[in-house]
Amino acid sequence: MNDNNTEPMMAERTANVIVTEQVGDLFDAPPNSVLIHACNTVGSWGAGIARGFKQRYPDAFRVYNSHCKRSHPHHLVGTALLIAPRDDAEKQHYVGCVFTSEQFGRNKDSPDMILKATESAMRDLLTHIAQEKGIGEIRMCRINAGLFAVPWEDTKKVIEGLQLDEKELPKGKPVEIVVCSPA
Ligand SMILES: Nc1ncnc2c1ncn2[C@@H]1O[C@H](COP(=O)(O)OP(=O)(O)OC[C@H]2O[C@H](OP(=O)(O)O)[C@H](O)[C@@H]2O)[C@@H](O)[C@H]1O
């Protein structure tokens, strides 16, 4: 195998995910935004930004938790769950869960496994988002960069490098993801 063969092919690929970064609270997103965060597959939003999700969106937590309970962790990692807001929800935020590690805490997956799962989970989530009519902006925290301990630049590279096909692109246009992080 000649590694040189892979270089020109990579260069010809078109990026179709645009990541922009801004300082701010993820939860201040406008109505109809989807808010994306990284999740374990065991049904816990017990710490980090996940705890903020649990406090603000208890109904979404119940959906996430039951989804985990009826699935095998091994099958969930690398997938995603898009949870629509209830009609009477105050903020009308969708919650986008990307299952990037099977376990959490000291049993979390290795950075390489987390990055691999991030690639397929983001692809899965964007497919769901493309099929959903009511979504405005796509917002995300610096996923994996806190408790999952993966450098943000590594995760960002994976997301920006996603090669999406038509069914994953809403209206055939590049996907814009706004990443919010605290000051
Ligand atoms: N309001 C806000 N607005 C914008 N950005 C905010 C913010 N608040 C915090 N951040 C940043 O958001 C990034 C992610 O940091 P996190 O440590 O939360 O998540 P992670 O993706 O590394 O790991 C996931 C596991 O953590 C949880 O904990 P449990 O497993 O339940 O115990 C889950 O359930 C998973 O399993 C860091 O850059 C924080 O600065």
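Please read these numbers as outputs of a predicted model, since none were measured by experiment. Order of appearance sets the numbers: ligands from 1, and atoms from 1 within every ligand.
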Using the side chain to side chain contact (heavy atoms under 4.5 Å, CB included) rule, take V179 and I143 through it: C-alpha gap first, then chi angles, then the decisive distance, then the call. CA-CA 9 Å; V179 176; I143 58 164; over 6 Å; no
Name the residues with a heavy atom less than 4.0 Å from ligand 1? G24, D25, L26, F27, A38, N40, S44, W45, G46, A47, G48, I49, A50, F104, C141, R142, I143, N144, A145, G146, L147, F148, C180, P182
Whether Y57 and F27 hold their rings parallel, tilted or perpendicular, with breakpoints at 30° and 60°: tilted
One should read off an interatomic distance between E119 CD and D124 CG, to the nearest 0.5 angstrom, of 12.5 Å
Is any side-chain heavy atom of V17 less than 4.5 Å from a side-chain heavy atom of I177? yes
In terms of the angle between their ring planes, are Y64 and F61 parallel, tilted or perpendicular, with boundaries placed at 30° and 60°? tilted
Is the NZ or CZ atom of K108 both under 6.0 Å from the centre of the six-membered ring of F148 and within 45° of that ring's axis? no
